[in-house]
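Worksheet for the structure shown next.
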Amino acid sequence: MNRSFPPLFLFLLLIGCARNSEPTTVATETADDDWWKESIVYQIYPRSFQDTDGDGIGDLNGIIERLDYIESLGVTAVWLNPIYSSPNDDNGYDISDYRNIMTDFGTMADFDRMLAGMHERDIKLIMDVVVNHSSDEHEWFVQSKSSRDNPYRDYYHWWPAEKGDPPYRYSLFDAEGNAWKYDSTTDAYYLHYFSQKQPDLNWSNPKLRQEVYDIMTFWAEKGVDGFRLDAFQFAAKDTTYPEFPGLTDTTFIDYYAMQDGLHDYLREMNEQIFSKYGVMSVAEGAGRNFEDAHALVDADRQELNMAYAFDGVDVPKYGGYALTTMKEVFSRWDAEFAEDGWLSIFLSNHDQARMVSRWGNDSPEFRAPSTKLLNTFLLSMRGTPYAYYGDEIGMTNIDFDEIEDYQDIAARNGYTKARAQGKDMEQFMRELNFLSRDNGRTPMQWTEGPQAGFTTGTPWLPVNDNHAQINVAAQEDDPNSILNHFRQMTRLRQDHPVLVHGSYELLLPDHEELYAYTREWEGVRMLVVMNFSDEGVTVDLPELENAEVVIDNYESLSRTGSSADLNPWQAVILSL
Ligand code: GLC
């Protein structure tokens, strides 16, 4: 069973317990329909990447300025978190106009230049599509709430007050945890699985669905190459509202995800958009179990291209994790998708702690080797890797003390709720310090200078003090830097299709410090050996005999015959 949504941290934080006609233009033509399998995706949180106008908020011109850098990384696609007009209750995941650019980020002309700049460099663009909900400031909702007989009423889910209290539903971002919000204008409640400013759209309404496809057509015709569907497995709702037994990891998924209708909507979207424009598609989450995941992404289903499952990042986050569990989870997913379907591989994103703080060791001593090791893993697994901005230089979690330091609505409302529930607030703050989404959203560290070269103004979220040590400029010219190791890894993956398509075999499954596997494809075999610990480890593997090192995050691998002594956090790939 996989429980791939929502990320466990949401529970930790929020329950306060610990969680037509032919298209006129077509997106970039590719010879290979499956280009997305060979892609290396770089995820950019635009708010935090590069500011060019001094307002402390990243912008599209900033991304344009950094296109050469992005190209130099060897990535082949960019996933951009939402850039549409938004009041920013949830940093752009609350959209008030799907056909416009958020003023903080720039203009449509900037967007067009950015997209052209990416395409000139053979970089594809994947846009975030947030259509489980809109902003309450979207015109649809303004109309919908204005009267019960407004034509937009059925774009959202309403519960008339005369029917009594609505059946309890849990909200992920609400300070009181209630997904129904009363609105006096029409004496009714509306449903919001996320914040009160993110009312859920009614996907059973064909008019709403057509509006969404029209919006996606708009972007596909601009030449966008892919879509990432945010929180989409919640889009179909069981509006008989069976009694919700209370929140646990399993009830949330069972009552909220993959409800009847979802596959129909995806097939319709595929027909109207994905297949018509040749754009790639990925949805956040991968259902309740492997069967769901396959039903979403197997090619004959004509729904989505690849799964983005959370079991990997849901390996216990706080207080350390067992490597054996991590290996078991990633290996299980690989085995399950060995024949049909395709996976995303990621260790961090904008909703997670920083990769090296979470999975590696972010102390000055081990930060560099452990980040390189994690990038070795990310770029040598089967599936499409998603590298998160800043992880290519080893950016770490930030240290916030006060709740006021946090910007994220999940942190702030989670705090209010935990207090109201009488939780141990010291413990809550310790966990927040490690798990908060703000950790993964601090500004990109370009230089050691003021505000890390991110802005000339005051950044919307503080720059990590460690930018003095961790920054792009310092790593550019150092051949042994984390950054240059990342570039070597992307090149290696691009030059060796075995790392993309090859079968995966886990070695030493019970070893508590070592993660080792082989990849094999068309007669080519590679061995990946990684020491996930602060201590040296000796390994004996018959495969090591006569194997040739192709990349190493240390200067050399000390070995004799089939035995090797690995340094702390050493990661080596060998050709067999
Ligand atoms: C997804 C996004 C997250 C957002 C939420 C609501 O989980 O990744 O950042 O807050 O959906 O849109």
Side-chain angles (χ1 to χ4, degrees), residues 3-14 19 41 43-48 79-96 98 102 126-138 141 156 169-175 177 179 191-201 203 212 227-235 237 249 252-253 256-258 282-287 307-314 317 344 346-354 386 388-389 406-414 435-442 460-461:
R3 293 283 167 194
S4 40
F5 198 93
L8 183 64
F9 87 94
L10 287 175
F11 290 119
L12 300 183
L13 244 56
L14 298 164
R19 140 161 193 254
V41 182
Q43 185 192 341
I44 295 180
Y45 198 67
R47 223 178 162 68
S48 301
W79 156 23
L80 215 52
N81 291 102
I83 54 167
Y84 318 93
S85 305
S86 164
N88 278 315
D89 190 50
D90 183 22
N91 287 356
Y93 280 95
D94 47 320
I95 298 170
S96 52
Y98 291 88
M102 191 190 297
I126 302 164
M127 297 274 280
D128 220 314
V129 177
V130 189
V131 288
N132 169 70
H133 45 271
S134 73
S135 162
D136 66 339
E137 297 183 31
H138 193 290
F141 190 73
Y156 296 87
R169 281 294 175 276
Y170 176 74
S171 159
L172 283 158
F173 291 173
D174 189 76
L191 188 68
H192 62 92
Y193 282 177
F194 293 90
S195 87
Q196 295 183 357
K197 288 183 66 63
Q198 294 170 299
D200 282 49
L201 290 161
W203 272 78
V212 172
F227 293 112
R228 177 254 185 198
L229 301 177
D230 180 74
F232 197 73
Q233 54 184 354
F234 301 145
K237 312 277 192 288
D249 275 15
F252 185 84
I253 292 292
Y256 285 55
M258 306 299 302
V282 56
E284 182 183 30
Y308 188 94
F310 283 100
D311 282 12
V313 292
D314 280 347
K317 302 181 184 195
S344 312
F346 62 100
L347 290 173
S348 59
N349 65 27
H350 64 292
D351 294 330
Q352 307 284 330
R354 274 285 167 192
Y386 288 68
Y388 189 50
Y389 87 95
Y406 294 89
Q407 293 287 325
D408 180 21
I409 183 171
R412 290 176 167 236
N413 285 353
L435 297 172
S436 157
R437 308 197 295 180
D438 284 320
N439 280 310
R441 300 177 178 184
T442 59
W460 73 277
L461 189 66

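For reference, positions follow the sequence shown, starting with 1. Each ligand, and each atom within it, is numbered from 1 in the order the structure gives. As the structure is a prediction and not an experimental result, all values here were calculated from the model.
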Nearest heavy-atom pair of Y389 and S48: which atoms, and what distance? OH-CB, 3.3 Å
Please list, chain by chain and in numerical order, all residues satisfying side chain to side chain donor-acceptor pair (under 3.5 Å) with Q407, sequence neighbours excluded. none
Polar side-chain atom of D94 near backbone of D89 as donor-acceptor pair, under 3.5 Å: yes
D351 heavy atoms within 4.0 Å reach ligand 1 at atoms 2 (C), 3 (C), 7 (O), 8 (O), 9 (O)
Only heavy atoms of F173, strictly under 4.0 Å: list the atoms of ligand 1 that pass. 10 (O)
Less than 4.5 Å apart, side chain to side chain, heavy atoms only: is that true for W203 and V212? yes
If you count the atoms of ligand 1 from 1 in the order shown, which ones are under 4.0 Å from a heavy atom of H133? 6 (C), 12 (O)
Distance under 4.0 Å to a non-hydrogen atom of D90: what atoms of ligand 1 satisfy this? 4 (C), 5 (C), 6 (C), 10 (O), 12 (O)
Counting each atom of ligand 1 from 1 as listed, which ones have a heavy atom of R437 under 4.0 Å away? 3 (C), 4 (C), 9 (O), 10 (O)
Please check this pair: side chain of E284 against backbone of A231, looking for a donor-acceptor N/O pair closer than 3.5 Å. yes
Any R228 heavy atom less than 4.0 Å from ligand 1: yes
Within the 4.0 Å heavy-atom shell around E284, which atoms of ligand 1 are there? 1 (C), 2 (C), 7 (O), 8 (O), 11 (O)
Who are the side chain to side chain donor-acceptor pair (under 3.5 Å) partners of N439, not counting sequence neighbours? none
Given I95, D128, D230, identify the one with the heavy atom nearest to atom 12 (O) of ligand 1. D230
